[in-house]
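Take a look at the structure set out below.
Letters A, B, ... are given to chains in the order of the sequence lines, protein chains preceding strands, and every chain is numbered from 1.
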Amino acid sequence: MKESTESLNFIEHIIEEDLAAGFPKEKLRFRFPPEPNGYLHIGHAASICLNFGLGEKYQAPVNLRFDDTNPSKEEQEYVDAIKRDIAWLGFRWANECYASDYFDQLHAWAVQLIKDDKAYIDQQTSEQIAAQKGTPTTPGTASPYRDRPVQESLELFERMKNGEFPAGSYVLRAKIDMASPNMHMRDPILYRIINAHHHRTGSKWCIYPMYDWAHGESDYIEQVSHSLCTLEFKAHRELYDWYLDQILDPNKLRPKQREFARRNLSYTVMSKRKLLELVQKKVVAGWDDPRMPTISGLRRRGYTPTSIRKFSDLAGIAKRDNVTDVSLLEFCIREDLNQTATRVMGVLNPVKLVITNYPEGKSEILHLENNPEEANSGTHEVPFSRELYIEREDFKEDGGKNYFRLSLGNEVRLKSAYIIKAESVVKDSFGEIQEIHCTYDPESRSGSGTEASERKVKGTLHWVSIAHAIKAEVREYDRLFLDEAPDSHEEKGFLEFVNPNSLNVIQEAYLEPFLANATLEDKYQFQRLGYFTLDPDSKDGKLIFNKTVGLKDTWAKQNNQNQAQNQPKAATPTPAQPQKKAINEIQQIGKKLTNLSGEKLETAMNSIREFAEEISYEELEPLFGTAVKKTGTRIAAMLALGVLLKKGQEKNAGIDTFIQSGREDENEILKAEAEKLN
RNA sequence: UGGUCUAUGGUGUAACUGGCAACACGUCUGAUUUUGGUUCAGAAGAGUCUAGGUUCGAGCCCUAGUAGACCAACCA
């Protein structure tokens, strides 16, 4: 159970308020309403976790409802994928519903609307209707068919339903208000003719309800109490309510729509249309490509339901535009996998290491802890022998003092095995290292309890025995886009930011033999490298592992920083930061002034004086009116004024008043500066 | 240019009916460590878009700006 001190998001506040106002808790009901026209993504996870999370929190039913009102875009494949993803996330829906289940009811209500003279049949082209709609700033004009007699509309609607007309020839429109400032209220379309096979109703219908008509009424039919959707539907709310008003039985629950901001993730895109484009243009291998932000992509990549739910929880729900840093998602998966993943060893970029004093032909079985984070996780066996692979990056002939890995003459621990010392290298004619020759300390075997085994050495390396290693393909992934928000550029399409190196395939990695029995469900930590999971492309005899996410790597970070520092200054492109105006700088610095003291204060005041050299009196004058409590800004203004006066600015009434007010202020600094100018 | 919504450290969210701006990620130290992981201890970083106002007191209320988002599909 959650603690009562936990902070609530604004949706939860609304529900708590409703409850406090007397809404019965047992009538709470939610729904998640996807359109089956694409796969679910991490943005949907926000909505799924919100709705189903609310259901769990209040013990309320949550329906899964497919908004399947447009047969030309929707497919059974998507229905199946969506159900699979939600179930995988660990949520259980109360009912599996379809808007198409309500087509008969919706149609009956539409007929009633016509009879009530609240709807009419229009027979203009979509262009004509669009033109009459007006713009957000100018009112629309009425359709010439707006006052068609009720009986005539009724007959035409019936004939539409019977398939007597071609697609696009007639529509049913609500009769609301062509002058409404809300475009959605300008006689919106309720029904249109579509001749396409529907994944559930087949060819029964050739007229299909529009989203607004179907959605709110579906909520009503299911007696959903809180209909939560994303912000772009805010403007639809008025129509949602209008439709409800037409059919509402006052004895029944009236659903209410509330809107929250959709969740964006940095370095990716989050719209089904764009994701579909990536699939269709073969930028990625499919909806479940591990680089995709889809639930199925993340699953294939190795993300767990726990991590995704945790992410949704941490990211929260609010109403402002956002781009959540992907590092938060990565934190969530690392946190989960650190607790649960089995530790193994694998070498991705091998170099041969020979232990010269280890008997040829000998091998032994060592034991590797399955998970140091979990006390009873046990161990598994790993073979050791004279010839091993280690990572090429784990050896340098001369490493330097910050290099904890293997270098000539230095000792290092082989994880769960022995301490070794590098003695020499064998190179080919290009100078490339072929073999590293070392000696080992036979007394130092891990866990043997000997004094030598307890010895502290700086570094520990992972390794595999060449004779025993199994081969596997390993796929490493980088962000799919190079830009933090690839679809936020007006002049460039998101595809221009695709990262050409988002996939790196290692054809032949060497893994400890334990991994031969890996299953798709298993999660591994390749020690010192990251988390990996088996890809479904794996076949008998050919293992393929996906890298879910790397371990945090402070060493790599440190290296990158050093490299950046060593680069000549001209090569580091200074971001084209628009130069702030001097007056703004002064305001900025001034704000913080009252929090500073000593040297910092001195520095700040001096930089204000410097910036003041570049400003005009006209720019400064408005600051004289700064509220009394904003002392910092007033000090800054006083300092700047001092500079201007020194430069020959004439005193005037405004200046005198400002100086006088400063002299009378409680703040010592302000007082002192004002005195100087008096 | 009409309507609607939003604005809090680098990022994402909190802050109850006005009462010392909090948490997480990220960043940076240091300790521990047979994973340069984990864990632990700590630090820096915002005075809440701007300017007024109400108030003993404003991130929160009021006014006026500014910036961004959404709205004119027979899509959802």
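Both distances falling under 3.5 Å, in either a Watson-Crick or a G-U wobble arrangement, place A64(B) opposite U50(B). In this entry U4(B) has A69(B) as its Watson-Crick or G-U wobble partner, both defining distances falling under 3.5 Å. Of the nucleotides present, C40(B) is the one that pairs with G30(B) by Watson-Crick or G-U wobble criteria, both distances under 3.5 Å. Pair assignment for A24(B): U11(B), on the basis of Watson-Crick or G-U wobble contacts that are both within less than 3.5 Å.
Under 3.5 Å, the side chain of Arg528(A) and the base of U35(B) form no donor-acceptor pair of N or O atoms. Counting atom types as modelled, Glu369(A) pairs no side-chain N or O with a base atom of U34(B) as donor and acceptor under 3.5 Å. Counting distance only, with no hydrogens placed and no angle test, the side-chain atoms of Glu238(A) and the base atoms of G3(B) include no donor-acceptor pair under 3.5 Å. A donor-acceptor contact under 3.5 Å links the side chain of Arg343(A) to the base of U35(B). Between the side chain of His236(A) and the base of A76(B) there is at least one donor-acceptor pair of N/O atoms closer than 3.5 Å.
When each of C71(B), G3(B), U34(B) is scored by its nearest atom to the side-chain atoms of Met183(A), the top-ranked nucleotide is C71(B). Minimum atom distance to the side chain of Lys319(A) is reached by U6(B), of the listed U6(B), U35(B), A76(B). Here the side chain of Gln525(A) is nearest to one of U35(B), G12(B), A76(B), namely U35(B). Side-chain atoms of Thr554(A) lie closest to G37(B) of the nucleotides G37(B), C70(B), C75(B). The side chain of Lys234(A) lies closest to C5(B) when the candidates are C71(B), C5(B), G12(B).
Residue Arg262(A) places none of its side-chain N or O atoms closer than 4.0 Å to OP1 or OP2 of A76(B). Contact annotation: Lys557(A) side-chain N/O to C28(B) OP1/OP2 distance is under 4.0 Å.
In this structure, Glu127(A) reaches neither bases nor backbone, as no heavy-atom distance under 4.0 Å exists between it and the strands shown. As judged by a 4.0 angstrom heavy-atom cut-off over every strand, Arg334(A) is placed among residues making no nucleic acid contact. Residue-level contact check: Leu328(A) touches the backbone only, with heavy atoms under 4.0 Å from sugar-phosphate atoms and none from bases. No contact: Pro34(A) has no heavy atom under 4.0 Å from any strand. Residue contacts for Tyr403(A): at a heavy-atom cut-off of 4.0 Å it reaches a base atom on one of the strands shown. Phe233(A) comes within contact range of at least one nucleobase, with a heavy-atom separation under 4.0 Å.
Thr69(A) and Tyr208(A) make their closest contact through O-CB, 3.4 Å (heavy atoms, listed as atom of the first residue, atom of the second, distance).
Using a 4.0 Å cut-off between a side-chain N of Lys or Arg and a carboxylate O of Asp or Glu, Arg528(A) and Asp394(A) qualify as a salt bridge.
Stacking between Phe331(A) and A24(B) is absent: the ring centroid is not both under 5.5 Å from the six-membered base ring centre and under 30° in plane angle. Under the stacking criterion of a centre-to-centre distance below 5.5 angstrom and an interplanar angle below 30°, Tyr211(A) is not stacked against the six-membered ring of A76(B).
Rounded to whole Å, atom P of G37(B) lies 17 Å from atom CG of Asn371(A).
His462(A) pairs with exactly one of Lys415(A), Gln527(A), Glu391(A) by the side chain to side chain donor-acceptor pair (under 3.5 Å) rule, that one being Glu391(A).
Neither side chain, Tyr267(A) nor Asp325(A), offers a donor N or O lying under 3.5 Å from an acceptor on the other.
In this structure, Arg173(A) forms no cation-pi arrangement with Tyr120(A), as its terminal cationic atom is not both closer than 6.0 Å to the ring centre and no more than 45° off the ring axis.
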